[in-house]
Chemist: 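Shown below is the structure under consideration.
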Amino acid sequence: MNNQVNTASTVLPYIYAGIFIVLVWQSVVSFTNAHVTLLPPPLLTAQTFFKLIVSGELFVHISASLGRVISAWLLSSLVAIPLGLAMGRWKRFEQFLDPVVELFRPISPLAWIPLAILWFGIGETGKIFIIFIATFFPILLNTISGVKSVDPVLVRAGQVLGCNNDWALFTKVILPAAMPTIIVGLRISFGTGWAAIIAAELVAAQVGLGYLISDGMEILRSDLVLVGMVTIGILGVMIDAVFQFLNNKFA
Amino acid sequence: MNDMTPEVMNTKGISIKEIAVTFNQGSPSEVEALRPVNLEFEPGEFIALVGPSGCGKSTLLNVLAGFTTPTSGTAYVGNEPIIKPDIDHGMVFQDYALFPWLNIIDNVAFGLEQLGVKKSERYEIARENLKMVGLEDFAEKRINELSGGMKQRAAIARVFATNPSVILMDEPFGALDALTRRFLQHQLLEIWQKNKKTVVFVTHSVQEAIYLASRVIVMTARPGRIKLDKNIDLPYPREFTSDEFRDYEKLVYDQLDEELAKTFKLEGGGGFHE
């Protein structure tokens, strides 16, 4: 009972938002009399959407995009978390690396596309590389701040409870204490990675939601472009809900 | 009742020999926190360190815990010099310092795990200690499900679980409301009377010090020195309202007031006592 109420109260606002967007969309189409290639009406877009679902084509694009984001994101965590832990723990190391990080951080993942093509060609590697860049900094910065903001009293408690060396203190106290902040970083970075998928798939993809969008533009099928955009939006919300759920369950 | 006491009694005295602490030595912000201090605590004594803020009582406690390295002098637990934090010098912190990612029983069993006690045995010991503080029904709860008083009882169970030879307490009841505080003082006394560990208890409540301690040490502010070192020869449980209790209170307050008057004059606050 309680669960149903909770689900309803989280899902309902999105349904209202959806209705609102469709209404605005439809009225813009009606008032401006926009050509179907410029702005297709919601109904046509919905038809295309269901056609792509029935044919299974949409799921091929979704799984390609999700697969790229997940693998790049995992790869990024594998590098950024240990690096962040080290930077948070050793001040010297952080002082040395922080300017490097700060110089790279403002560079948009999009700016890396030309080099990604030159270095990795047009295969999967280039796309993974772009999303890797997009997901790397949120994870790194959250990990660093997670380690640095561990309550010193907890560290002292660990010391008087038998964590005699740095390693024991680190694995038994600092890492678990920093975990909630690290998880926030993982969640944020999945979001930035998901937002960067279009950019990554502009690197000459054959499949993926980004490909669906850019291909739709090339063949003047705006309904395909919109289906790609809508799918990205809905999946983004769903992925975030999964993270929320995991967060509530474990933190 | 007997199964609540640790199987092996472990208690040691503390020797403080010429301990002095100066922070930021040699820099313009140099602070002399503690003048050379000499003290001997017998095994099983309950020592209360009382004094105004900045009197170095917490500094002294941090030296005993091994968190602060003294500028000169050495402190010993038994015959062992204190050089770093050690599980044999247990500590209870004002803000509990429980690990929020562990449930209550895993918090209590944490030190035992570091000591290499095997799982079934450490849970058994942890359960005994939770029973001692009346939290046996809360073993599986998470930290944020507990009230402040319950958290501190869990922290007390955690420190007793590893059977340290001395227990250091840094204003452990400072953040609690008056009634909870009274209950925990009572509970702590019961536990201490059973296992007679050496306790060093920092507080700024004179009443709390005299209610709990077998010996009260009053410290002076900036730089910290010993102003009064007095055994409290009253049987437990003590009555706040008894004449003897009041006499001890007056004695301690008189010493403190002298100090406070000096501090206020130094700070330009004018007379405090006269």
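Sequence lines set the chain letters: A, B, ... in the order given, protein chains first and strands last, and positions in each chain run from 1.
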Chemist: How about residues 71-79 of chain B versus chain A: which residues have heavy atoms under 4.5 Å apart?
Modeler: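 Within residues 71-79 of chain B, no residue comes under 4.5 Å from chain A.
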Chemist: Would you please say whether a donor-acceptor pair under 3.5 Å links the side chains of B:T203 and B:S205?
Modeler: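 Judged by distance alone, the side chains do not pair up.
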Chemist: Could you look at B:L168 and say if it's the side chain, the backbone, both or neither that has a heavy atom under 4.5 Å from chain A?
Modeler: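 No part of it gets close to chain A.
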Chemist: Could B:R158 and B:F99 be counted as a cation-pi pair, given that NZ or CZ must be under 6.0 Å from the ring centre and within 45° of the axis?
Modeler: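 The answer is yes; both the distance and angle limits are met.
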Chemist: Determine whether the aromatic ring centres of B:F173 and B:F201 lie less than 6.0 Å apart.
Modeler: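 Judged by ring-centre distance (under 6.0 Å), B:F173 and B:F201 do meet the cut-off.
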Chemist: Would you check if there is a donor-acceptor pair between the side chains of B:E30 and B:T22 at a distance under 3.5 Å?
Modeler: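 Not at all, the side chains of B:T22 and B:E30 share no donor-acceptor pair under 3.5 Å.
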Chemist: Report yes if the distance between the aromatic ring centroids of B:W101 and B:F110 is under 6.0 Å, otherwise no.
Modeler: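 For B:W101 and B:F110, the ring centres are not under 6.0 Å apart.
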Chemist: Side chain, backbone, both or neither: which part of B:E113 has a non-hydrogen atom closer than 4.5 Å to chain A?
Modeler: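 Just its side chain gets close to chain A.
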Chemist: Is there a side-chain contact between A:F104 and A:W112 (heavy atoms, below 4.5 Å)?
Modeler: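 Yes, their side chains come closer than 4.5 Å.
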Chemist: Would A:R89 and A:E94 pass as an ion pair if we require N to O under 4.0 Å?
Modeler: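 Looking at A:R89 and A:E94, the cut-off is not met.
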Chemist: Can you tell which part of B:D95 gets under 4.5 Å to a heavy atom of chain A, answering side chain, backbone, both or neither?
Modeler: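 It is the side chain, since no backbone atom gets that close.
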Chemist: Under a 4.0 Å N-O cut-off, is there an ion pair linking B:K196 with B:E45?
Modeler: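 Judged by the 4.0 Å cut-off on N to carboxylate O distance, B:K196 and B:E45 do not form a salt bridge.
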Chemist: Can you tell which part of B:D170 gets under 4.5 Å to a heavy atom of chain A, answering side chain, backbone, both or neither?
Modeler: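 Neither part, no heavy atoms under 4.5 Å.
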Chemist: Between A:V153, A:N164, A:V160, A:V173, which residue shows the highest count of heavy-atom pairs closer than 4.5 Å to chain B?
Modeler: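 Of the options given, most contacts go to A:V160.
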